[in-house]
Every structure is written in structure tokens, then in C-alpha cells.
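Notes follow once the structure below has been shown.
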Amino acid sequence: MRGITAVFRREWSAAVTSPVAWVATVLAVLGLHAAFFFLGFPVGDRALPSFWVGRTASLDALFAWIPVFFAVLAPALTMASWAEERRAGTDEILLTLPVKTRALVAGKWLAAWVLLGAITTVAVLPVAFAVDSVGPLDWGTVWGGLIGAWMFAAAAVALGLAASALAREELVAFLLSAALLFGLWSAGLFVRVLPGHLAEVAWYASPSLHFLDSGARGVIDARDACYFLLFVLAGLSVNAAVVEGRRYG
Amino acid sequence: MIRVRDLSKSYSEVRAVDGVSFDVAAGEVVGLLGPNGAGKSTTMKILTGFLYPDGGEVWVDGRPVDPEDPDSKAPIGYLPETTPLYPRMRVGEYLDFIGRMRGLGRAERRDAAERVLGDCGLEGWERRRIGTLSKGYRQRVGLAQALFGDPKVLVLDEPTSGLDPAEITRIRALIERLGRTKTVVLSTHVLAEVQETCARVIILAGGRVVADGATSELAEEGRVELRITLTGLDDRDVCSVFAALETVRSARRLRTAHPESSGRVTVALEVHERWSAADEVQALAVARGWRILELGHDLPSLERVFLDRTEARSIASHREEVR
């Protein structure tokens, strides 16, 4: 579809020249590393010790933090995507160029997804090499975790883009998508204390659980892949509908 | 080249465009004139496929404009009112992006960039970041964007707004040059711009077309107007002045009247023939004891037609004000 690669390139270039994106990325990666080495994952019934305390050659604690990592980074990378276009009025030119709205949405999503996936890979691999140098690391789990993280990233940025399309201000877009991603993550924390049917709903709704119960353990489950695919399609559909809605004034 | 039929668009309670229809032939340069809120920008946004209309239809180059049909928008280049651009992008990078969005290949993009950079006076500026450019140069980049890919129709929303006189002259000259090969629709508040660049003018007011014709012919439609300032009147005299002036044989109508400080009033009287009308006004003044402070005339102009067609104030309301 015409326009997808053009929008992808522009969005990618805008992201890598944005100081805000760099600062958010550096802080989030440093936070993730610090949490893995010194804090562990002390939250809920899936608590894990830090690397130095547990002394286990595993990235479980690192992957356990990925939902929180995404809840900060996905909104930071997507908040400007539509909100800034709308504020500056550049969407008026974009929407009059000979491309479909779906192509604009897909290009923006693809750029944000590849960026978040790349940042996650860059954040995880050095830790994996460091752990591997001190103990026998199961690389199958690492690669499985990364594939799961990329699927999760696709869903997180789709949600972030929908929030950016809905909001008029970047900050509002950030807060909206961060609140949704944190909410979906924290819903997963209570899944074991919730009554049966509510627990089931929380499990199905939370992308964090779909990641933590499969990808983070090195397992790629087709049901989780379908879940993330549907999540992405829903997010992009909302995004396209909101942008199209603007054409009605 | 452009066919607009019964176009209508409302924002909540406000009817921005109300049954607008017009045609623009290939190669015509048409000015859309109108006061703020007349519906110019909304008409342009529908024309370019940015907005869906509530009713009516727009055809460009033989196809109905549909926001979700890329091919229907391909013949249109658009410069919105505020010249929205990406400040962190470089000029060349931005134009390349526009070329990619228009589906141009690498060689086509290179040729198109060379052409529009030359047309818009941007040679040597390709590496500059847009955010560091002056308003005039940003406007040139906006125009270059609209021209990229050689669209048949250019829609320019107030292209000289906020520019310095030198830049205005340059942009007008460019539009005039473009008008030799393209169909151009431009909106503006500046009447001189329309007279200088547009062969035809469409005047919008309250969302409707109130005038449509060749610029020179419309300008001729404006009548000669006498400006009369009288002094030494008492309050009762002011109303009788209006009634008396309407009896002037050559008068078409009393257009505006501005009561000023005590005992003084300025009247604009549209007339068929200025000299005989001026003689009659002088005779009336002598007979009624008015003191004429000023008696002058304005020749026909597009400005007069514009004011005439868009001004809502009537002589009746002036009379109310006087009372």
C-alpha cells in the first residue's frame, strides 16, 4: 500500500532525532538493568530475586519487568505520533496526500514497533551476554523471550498510537496509554486472588500475562500470537477510525 | 477541471458552507474572497479531500474527490493556511517524503525536487532544517510541497498571509507564473492580490457564493460613490439629511452613514453620475443650510464590490443608530 514505507521512514527519522525519545530510552534501559541486577522483581506472587541475590543464570527477572518497561517506553515513543501532527496541523497535509488513512496508521505503527523492538533487543542482549559470561544461560529462553517481547511491543505501540490519535496533547496521550498499560499489567498481579471468572477475564485482557506466561518463559504459543494479533488489529482500527472521524469535522 | 455542486458543511450549529456551487476551467486562476468565517477554508478543505462534506459533491480532473480514494487526490497540491511543516526535517528530506507519499520513483523525485527548489527559490537550502528557516522561507517550502509531483490543480489557502512585502511580491509572481500551466484556486483577504493574480474571483459570505465573475468585470460593477461630510447639524437634522440625499436624481442608494461628534455626519452615496450628483448635493446644502466639510468621490473597485456584497449593515441599521 502506497505511503507505508514513506511514513515509516519519516517516523523513524523523527524518533531517532527526538531528544525526548533518547532520554526516555536511556532512562528506561538503565532502570531495567538496575532492576534486574539489584532489585529483582519483588511484586505480587511472581516475585523473583535480583541477579546478584539469586545467582541464577536466567533472565526471568528481566523479562518480568518488560511490561513495566513498555508501559513507560511505548507511550513515550508514540505520544507525538498523532497528537503532534494534530497540534501542528501537519495532519492536514498528510490526509490530503494520495494515500489511504490505513497506510498512514500502518506506517506509524510499524516505525514505533520496530523502534521499541530494537530498543528492547538492545536492552536485553548485553544483559544476556553478561549473564552468560558468569553462568550457563539457556539461550532458547532468551530468544523466545525476545520474540514474545516483540509481539507484546506490537500491541503496546498499537495502544499508544490509538491514545495519541484520541488525545489533543502529547502529555495526555502519554498519560492515557501509560495508565492503560499499567492498568492491564496490574490486573495481572491480582489474577490469583480474583474470583474464577474475573481471573479468567483479567488473564484474557492483560497482554502482560500473555507475555509472562509464555514468551517470557521461552515458549511461543499460537494462542498468544493470535491474542497479540487481535490486540494490534483492534488498536489500529481504533486509530484509523479516530483519524477518519476527523474528516467529518 | 474543478466542479463543485451544492456543497454544504456544518460544524455543530454553525453552517460554514451552504449550497456552494462553481466550476473552474483548466488553466484558470481563481481567487476565493470573503470575510472571516465566510467558508473559504472549509470549501478548500473539502476540495482537497481533507474533510467530507455534509452534502454536495466535488469533482477534480473528471473524478469525484473522495478522501479514501488516493487517485482522486493525486491531481491536487494543497498549501493549508498555517503552512504546517515538520521543523526537525531538512528541506530536501521533507520534499523527498512528499515525493514518496505521491508514489514517485527515485529519479522522478530527484527531478521534481530540482524543479520545485528552483521554482520556489530554495536552491542551496536542501540541507537546512525547516525549523531554522524564516517565515518567508517556510512558506516557500510549503509551496514547494504543494507543487511537488507537478499536480494539475493547486489549492492555496492564504499563501501570502503574514509575509513581508518583498516575499509577498515574490510569492505572487510565482503564483502568476504557475497559473500559466496549472489550475489555481487561492483564498485571500487581500483584494490587491486577487486583482494582481486572479483572472476570476468568487466571493463567499455566510457560506454562500455572493459573486462570481471575471475580476475586471466585477470591479467595474462597483458604482461611483460620493463621500459627503456635513457639519453644523442638530440631532433632528441628521435624519432629514438621509431623506434629502435620497432625493438626489443621480443617487442609486445611500450606502453607509457614520454619525460622528455632535452635529457632524459622513455619508456614502452611490451615484450613477458623479458631477451632476455633486452639484445637486451642493445645491441641497445651500438650500438647507448644511455646511459641507468634505465632498469627494471613489471610483469603482473590487473592494467596493466586496464590501457591497458582504457587508451586512444596511442603511436601516444606520438610521436606527442615529436615532
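Chain naming here is simple, since letters A, B, ... match the order of the sequence lines and numbering starts at 1 in each.
- If you measure heavy-atom distances from A/A14 to chain B, the contacts under 4.5 Å come from both the backbone and the side chain.
- Of the listed residues (A/L95, A/T17, A/I93), the greatest number of heavy-atom pairs within a distance under 4.5 Å of chain B belongs to A/I93.
- Interface remark: B/R102 contributes backbone and side-chain atoms alike to the contact with chain A (heavy atom separation under 4.5 Å).
- There is no contact between A/I4 and chain B, counting heavy-atom distances below 4.5 Å.
- Between chain A and the residues B/K9, B/M89, B/E68, B/Q145, the largest count of heavy-atom pairs under 4.5 Å involves B/E68.
- With a 4.5 Å cut-off on non-hydrogen atoms, B/Y86 touches chain A through its backbone and its side chain both.
- When every heavy atom of B/D6 is checked against every heavy atom of B/S21, the shortest pair comes out as N-OG, 2.8 Å.
- Between A/F37 and A/H33, the ring planes lie perpendicular to each other; the angle is over 60°, past the 30° to 60° tilted range.
- Of the atoms belonging to B/F50, heavy atoms from both backbone and side chain fall under 4.5 Å from chain A.
- Most heavy-atom pairs under 4.5 Å with chain A: of the set B/S72, B/G142, B/G49, this distinction falls to B/G49.
- With a 4.5 Å cut-off on non-hydrogen atoms, A/S18 touches chain B through its backbone and its side chain both.
- At a 4.5 Å heavy-atom cutoff, A/E84 makes no contact with chain B through either its backbone or its side chain.
- Annotation: A/F36 is not in aromatic contact with A/W65 [ring centroid separation under 6.0 Å not met].
- Ionic pairing of B/D66 and B/K73 is not present here: no N-O contact between side-chain nitrogen and carboxylate oxygen is shorter than 4.0 angstrom.
- We find that A/D91 and A/R246 are joined by a salt bridge, their nearest charged nitrogen and carboxylate oxygen being less than 4.0 Å apart.
- Within 6.0 Å of atom NZ in A/K100, more than 12 heavy atoms from other residues, nucleotides or ligands are found, so the atom counts as buried in its surroundings.
- The local environment of CZ in B/R129 is crowded, with over 12 non-hydrogen atoms from other residues, nucleotides or ligands closer than 6.0 Å.
- The choice from B/G103, B/G99, B/P80 that makes the most heavy-atom pairs within less than 4.5 Å of chain A is B/P80.
- For the pair B/R5 and B/D23, the salt-bridge criterion is met [side-chain N within less than 4.0 Å of a carboxylate O].
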